[in-house]
Amino acid sequence: MSRILALLLAALLVPMCVWGASGESISLSDVVSALETPFKGTDPAAAIYDFEADFFQESRIASLDRAQRGRGSVWFKFNRAAGREGGNPMFRWEYRQPTMQEIICDGETLWVYLPENNQVIQSDISSVTGQAAENPVTFLTGLGNLSRDFSIRWASPNRDAEGNFVLELQPRRVSQLVSTMRMVVDEDAVSDQRNLSGASGVRHEQLFPILSTTVHDPNGNSTVIEFSGIRVNRGLSDSFFNFILPAGVEVVRPEEMPKF
């Protein structure tokens, strides 16, 4: 009986809602809706069709007790005209630090360009879309179905120092890439979504709801990505996501790479 009582008390202590800056009650479903709605594309006033941002990344390798930091820019386009939820994934990650690197997808082909090696790895995007929701490179294409792919609850604490909301996500199926994910959601984006009564009230610079993600994998490694300078709905063209092969660069395909 004492164990049952303890479990009931623990359940009561888990917050069902928190309070926004203006004093309104914010529920977990409010925050999840603010994450999913812009990427479903069902509400034109709130939809995100493309975005670009700067990012900072820190990856920690548990077995080596070592961290590697990187910076760069990222662009995404959600081509909903393709007739699929979220559209074909079109994205471009450009790393400037610690070394130059490009990861580009035009919706069909994925290129990973390593200038230092004078080499580009080319593969069919279908080879990674099976785990798109869990892959740190592609999971942003599946935000419209976040609650389908992940079990979502409040993190502890559920607010950061600036008052933004913090969520903890766990894949609904066993994943080799993600054991848990922590996501910081812009408080203003949640308020905008709750108060949205038409396009006139939307501040476009706050439509993009994610400020940072922290992914932990089953081996204890972690990757933090923080977004800044976010710009949405700039009308990015499809051609921006084409990879132009530099002269003399070796093209390697996964099926051609040696297996050890």
Can you see which heavy atom on Gly220 is nearest to which on Ala62, and at what distance? O-CB, 3.6 Å
Gap between atom CD1 of Ile125 and atom CE of Met90 - 0.5 Å precision: 11.0 Å
Across all chains, not counting sequence neighbours, the ring-ring contact (aromatic ring centres under 6.0 Å, His included) partners of Phe240 are Trp75
Hey, what do you get for CZ (Arg60) to CZ (Arg66), rounding to the nearest 0.5 Å? 12.0 Å
Phe241: what forms a ring-ring contact (aromatic ring centres under 6.0 Å, His included) with it, not counting sequence neighbours? none
Side-chain contact, heavy-atom cut-off 4.5 Å: Arg96 with Ser73? yes
Is Ile210 reachable from Leu177 through a run of I, L, V, M, F, W or Y residues, each pair having side-chain heavy atoms under 4.5 Å apart? yes
Only residue of Phe227, Phe55, Phe91 satisfying ring pair (Phe, Tyr, Trp, His ring centres under 6.0 Å) with Phe76 is Phe91
Quick one: are Trp93 and Ile225 in side-chain contact, heavy atoms under 4.5 Å? yes
Residues two or more places apart in sequence or in another chain: which of them pass side chain to side chain contact (heavy atoms under 4.5 Å, CB included) with Thr109? Asp106, Trp111, Gln122
Side chain to side chain contact (heavy atoms under 4.5 Å, CB included) with Gln101: which residues, sequence neighbours excluded? Tyr95, Ile103, Val112, Leu114
Would you mind reporting whether Ser175 and Phe150 have side-chain heavy atoms less than 4.5 Å apart? no
Which residues, ordered by chain and number, are linked to Leu64 in its hydrophobic cluster, where ILVMFWY side chains connect at heavy-atom gaps below 4.5 Å, directly or through other members? Ile61
When every non-hydrogen atom of Ala34 is compared with those of Pro209, the smallest separation belongs to O-CG, 3.7 Å
Spell out, yes or no, whether Met183 and Trp154 are grouped together once hydrophobic residues are joined by side-chain heavy atoms under 4.5 Å, including indirect joins. yes
Assess the side chains of Asp149 and Asn145: does a donor N or O sit below 3.5 Å from an acceptor N or O? no
With distance as the sole test, does Glu116 use its side chain to make a donor-acceptor pair with the main-chain N or O of Thr99 at under 3.5 Å? no
Interatomic spacing from CD1 in Ile152 to CG in Leu146 - rounded to 0.5 Å: 4.0 Å
Within the side chain of Glu250, is there an N or O that forms a donor-acceptor pair under 3.5 Å with the backbone of Asn118? no
Atom OG1 in Thr37, atom CG in Asp192: separation rounded to 0.5 Å? 12.5 Å
Tell me who clusters with Val184, hydrophobic residues only, linked when side chains sit under 4.5 Å apart either directly or through other members. Val166, Leu211
Under 6.0 Å from the CD atom of Glu58, do we count more than 12 heavy atoms belonging to anything else shown? yes
Taken to the nearest 0.5 Å, the spacing of Asn164 CG from Ser212 OG works out to 8.5 Å
For residues Arg159 and Phe165, determine if any side-chain heavy atom of one lies less than 4.5 Å from a side-chain heavy atom of the other. yes
Residues forming a side chain to side chain contact (heavy atoms under 4.5 Å, CB included) with Asp217, sequence neighbours excluded: Asn219, Asn221
So Asp50 and Arg234, do their side chains get closer than 4.5 Å, heavy atoms only? yes
Treating Ile, Leu, Val, Met, Phe, Trp and Tyr as nodes and any side-chain heavy-atom pair under 4.5 angstrom as an edge, say whether Ile230 and Phe56 lie in one connected cluster. no
Sequence neighbours excluded, which residues qualify as salt bridge (Lys or Arg N to Asp or Glu O under 4.0 Å) partners of Asp238? Lys77
List in chain and number order the residues that pass salt bridge (Lys or Arg N to Asp or Glu O under 4.0 Å) with Glu52, two or more places apart in sequence or in another chain; answer none if no residue qualifies. Arg231
Quick check against the 3.5 Å criterion: does Asn158 have a side-chain atom that pairs as donor or acceptor with the backbone of Arg153? no
Main chain of His216, side chain of Ser179: is a donor-acceptor contact present, judged purely on distance under 3.5 Å? yes
Give me the ring orientation class for Phe39 and Phe208: parallel if the planes are under 30° apart, tilted from 30 to 60°, perpendicular past 60°. perpendicular
Please name all residues satisfying salt bridge (Lys or Arg N to Asp or Glu O under 4.0 Å) with Asp30, sequence neighbours left out, ordered by chain then number. Arg194
When you group the ILVMFWY residues by side-chain heavy-atom contacts below 4.5 Å and let the links chain together, are Val185 and Val224 in the same group? no
Taking side chain to side chain contact (heavy atoms under 4.5 Å, CB included) as the test, write out the residues that go with Glu102, two or more places apart. Arg92, Glu94, Ile104, Tyr113, Phe243
For Arg172, which residues count as a salt bridge (Lys or Arg N to Asp or Glu O under 4.0 Å) partner, sequence neighbours excluded? none
With side chains defined as the heavy atoms from C-beta onward, is the minimum distance between Leu167 and Leu35 less than 4.5 Å? yes
Measuring from atom CD of Glu187 to atom CG of Asp160, what distance do you get when rounded to the nearest 0.5 angstrom? 9.0 Å
